[in-house]
2 protein chains.
Amino acid sequence: MKIDPRHLEILAAIVDGGGLTEGAEAIGRAQPSVSRTIAMLEARIGAPLFEKSRRPLVPTELCIALAGEGRRILAAGNTASAIVTTFRTGHRGMVRIGGTPVFMDGVISTLIAEFQQNRQIRIEQCYGYAQDLMDKLDAGTLDVAICPMNPAAVSSRFQFVPVLPGRNVIACGSHHPLLRKGSLRLADIAPYPWIAPPASSPLYDDMRHILRDIGVTDTRISFSGGTLASITAILANSEALTVLPYSVVFMARRQRIVSALSIRIGHPERMLGILTKDPESDNPTVRRFRRFIDTEFRNLSRFIQQHEQNILWRD
Amino acid sequence: MKIDPRHLEILAAIVDGGGLTEGAEAIGRAQPSVSRTIAMLEARIGAPLFEKSRRPLVPTELCIALAGEGRRILAAGNTASAIVTTFRTGHRGMVRIGGTPVFMDGVISTLIAEFQQNRQIRIEQCYGYAQDLMDKLDAGTLDVAICPMNPAAVSSRFQFVPVLPGRNVIACGSHHPLLRKGSLRLADIAPYPWIAPPASSPLYDDMRHILRDIGVTDTRISFSGGTLASITAILANSEALTVLPYSVVFMARRQRIVSALSIRIGHPERMLGILTKDPESDNPTVRRFRRFIDTEFRNLSRFIQQHEQNILWRD
DNA sequence: CAATTTTCATAACATCAAGTTATGTTACGT
DNA sequence: ACGTAACATAACTTGATGTTATGAAAATTG
């Protein structure tokens with residue numbers, strides 16, 4: 001005998017409320033409605049649920065047992081409602097994000113940890129470069145991409161919200177001898193080996209341009225192919241140099257492991273930004289994540305600007 | 001946002017079954033029905049529950065969370081069904097029974113314990129004599145009465161199922177000197193004191209008749225007003241005599257504390273039986289209890305008859 | 001004890017979710 | 001690319017649930 005779970009809910013409400021009227025109110029219905037529902041339930045079960053002709057309604061043993069189950073159903077329904085609410089307010093759910101490796105490791109991961117505070121949100125992260133990320137957004141396997149792009153060159157199928165200029169710096173270990181030098185010249189830099197980003201990454205191109213600009217010719221590559229963790233470790237324990245996004249070095253400044261050389265280098269025409277396919281159709285969690293990233297980056301941008309004013313950039 | 005618990009059940013069934021078709025079958029509906037239900041649910045919630053355009057249906061994070069609650073609801077519903085089933089088969093519920101004190105204590109209580117084996121049944125017992133019990137049956141505060149009555153004199157408003165002749169015996173402690181005597185005469189019995197049943201009980205009248213029949217004139221009452229437990233204790237620790245229903249002494253024979261004198265006494269025209277108001281309208285538990293009492297008493301009756309054949313009754 | 005109030009039951013009707021069968025679509029495997 | 005299996009849609013029927021209005025009965029109160 002299958003019983004409608006809503007009927008059990010009503011039963012629980014009546015037993016707990018102490019009467020038909022209270023139960024009806026508790027569950028948001030009119031009294032006659034629940035009265036008839038109970039009558040039908042009794043007919044189906046074939047046994048009375050309340051003692052007849054008693055005014056403060058007295059539940060049967062059977063009724064009390066069933067009301068117990070009804071209470072469970074009520075509880076499950078409430079938590080289900082809560083789940084939906086937390087989901088709709090973006091406090092629960094999943095966000096699939098992708099971005100360039102160094103940037104995800106060096107900046108985004110820190111923000112993610114903060115975003116997950118007080119929320120039950122799962123982040124599925126993947127790494128990739130611009131084209132890759134756009135393909136995934138198209139395929140619907142990614143909600144948000146965070147990557148450097150030329151805002152003018154973004155397809156109209158995507159929304160691109162720029163948040164930071166895509167500036168790079170020459171990074172080194174915080175113990176590096178060049179940091180103690182007053183002014184840097186080509187001859188000073190030339191002797192040191194370089195860590196190369198992956199050949200397919202934009203950073204790699206950036207580095208090539210920078211080296212050409214400052215006149216370094218035969219670059220000695222001492223390490224390549226590592227993610228940020230490896231790069232940081234190498235920088236910390238050698239005198240190698242590399243090119244990293246300023247924001248990454250900025251975020252890492254707290255650990256006092258890596259620093260940036262005070263040398264002005266040309267920076268690309270790209271902006272770091274949030275790339276999405278159809279911002280309106282995203283679920284609340286994704287929206288909230290985008291908003292969060294956006295505001296955090298604007299804060300970061302301000303910090304970086306303040307920081308830059310305290311540094312003398314030399315040629 | 002209130003969610004229909006049945007929808008959550010369906011969700012759970014789909015997630016567990018791995019597809020719409022399986023889920024629909026599990027819950028006993030046609031596939032299009034659940035398809036539309038899910039569509040409506042998604043519309044209400046405002047978020048997809050399954051990933052679109054994927055053929056082995058892939059549930060969303062949100063969906064999995066909600067399905068968890070649905071599973072609870074399903075479980076509660078199942079136990080509710082089980083409760084109803086056990087109730088309908090008489091394995092659960094409550095029976096309100098009443099009867100004459102000595103008889104309830106001496107016979108019925110033992111049977112109740114056996115009846116409750118493997119069942120979740122609450123017994124509400126009360127004591128009373130015939131008129132009292134009929135009033136309570138009339139008032140609907142009693143399901144079954146078990147008492148001695150003259151079958152011919154039972155009102156047609158009641159059903160009376162006789163189960164045992166209302167025979168009495170003279171009871172004594174099992175150490176009693178009279179038990180060692182060959183044949184008993186009035187002079188043998190006369191010296192001993194008597195325990196009197198409550199004045200309002202049928203047993204009291206029985207005792208008076210018996211004493212008159214066997215010629216005892218000035219009866220010495222040593223104890224009165226006690227229930228069976230007290231009477232038994234007095235019998236065990238004195239040489240007092242009393243009148244008890246044969247069935248009570250029979251049930252007590254195991255403890256070897258009380259015995260019956262082998263003296264034939266007149267017995268009343270009453271039958272012990274099961275008295276009910278409206279046997280058809282009773283719930284399954286009560287019916288089952290009546291059936292149980294009936295068959296147990298028939299067994300008891302056979303035992304008693306076999307037992308009697310092994311005893312020489314003297315005048 | 002009668003009057004009043006409270007509480008539950010019933011009636012009559014409207015509405016909407018949910019059931020059905022029949023029939024597309026569409027993703028996936030061969 | 002083609003067939004199959006699985007899901008979606010359509011059109012219609014049914015039945016539970018909602019409503020208001022009202023009746024009946026028990027409990028309370030003066």
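Heavy atoms only: backbone and side chains are in, while hydrogens, waters and symmetry mates are out. Residue numbering restarts at 1 for every chain, and letters A, B, ... go by the order of the sequence lines.
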Which of the following nucleotides, D/dG18, C/dA18, D/dA16, is nearest to the side chain of A/M40?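 Side chain of A/M40 sits closest to D/dA16.
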
Do A/Q31 and A/T21 meet the criterion of a side-chain donor-acceptor pair at a distance under 3.5 Å?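 The criterion, which ignores hydrogens and geometry beyond distance, is not satisfied for A/T21 and A/Q31.
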
Are a donor atom and an acceptor atom from the side chains of A/D105 and A/Y127 found within less than 3.5 Å of each other?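 There is such a pair between these side chains.
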
Rounded to the nearest Å, what distance is computed from the [atom1] atom of residue [X] to the [atom2] atom of nucleotide [N]?
X	N	atom1	atom2	answer
B/Q31	C/dT26	CD	C1'	13 Å
B/E25	D/dC7	CD	P	12 Å
B/I27	C/dA18	CD1	P	12 Å
A/E51	D/dA26	CD	C1'	14 Å
A/R44	D/dG15	CZ	C1'	11 Å
A/E22	C/dT6	CD	C1'	10 Å
A/R36	D/dT20	CZ	P	13 Å
B/R29	D/dT14	CZ	C1'	14 Å

Flag yes if more than 12 heavy atoms outside B/Y204 fall under 6.0 Å of its OH atom; otherwise flag no.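 For B/Y204, atom OH is not crowded (no more than 12 foreign heavy atoms under 6.0 Å).
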
Please check the phosphate of [N] (OP1 and OP2 only) for any side-chain N or O of [X] closer than 4.0 Å.
X	N	value
A/S35	C/dA9	yes
A/R6	D/dT17	yes
A/T21	C/dC8	yes
A/H7	D/dA16	no

For A/D4 and A/P32, take the nucleotide of DNA chain D holding the closest heavy atom to each; which residue's nucleotide lies nearer the 5' end?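 Its nearest nucleotide being more 5', the pick is A/D4.
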
Is it the case that A/R291 places NZ or CZ above or below the six-membered ring of A/F289, under 6.0 angstrom from the centre and within 45 degrees of the axis?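 Checked: cation-pi criterion not met.
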
Point-to-point distance, once rounded to the nearest 0.5 Å, from SG of A/C63 to CD1 of A/I14: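 With rounding to 0.5 Å, SG (A/C63) is 7.5 Å from CD1 (A/I14).
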
Where each residue is assigned the nucleotide of DNA chain C containing its nearest heavy atom, which of A/L20 and B/I10 is assigned the position nearer the 5′ end?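 Final value for this comparison: A/L20.
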
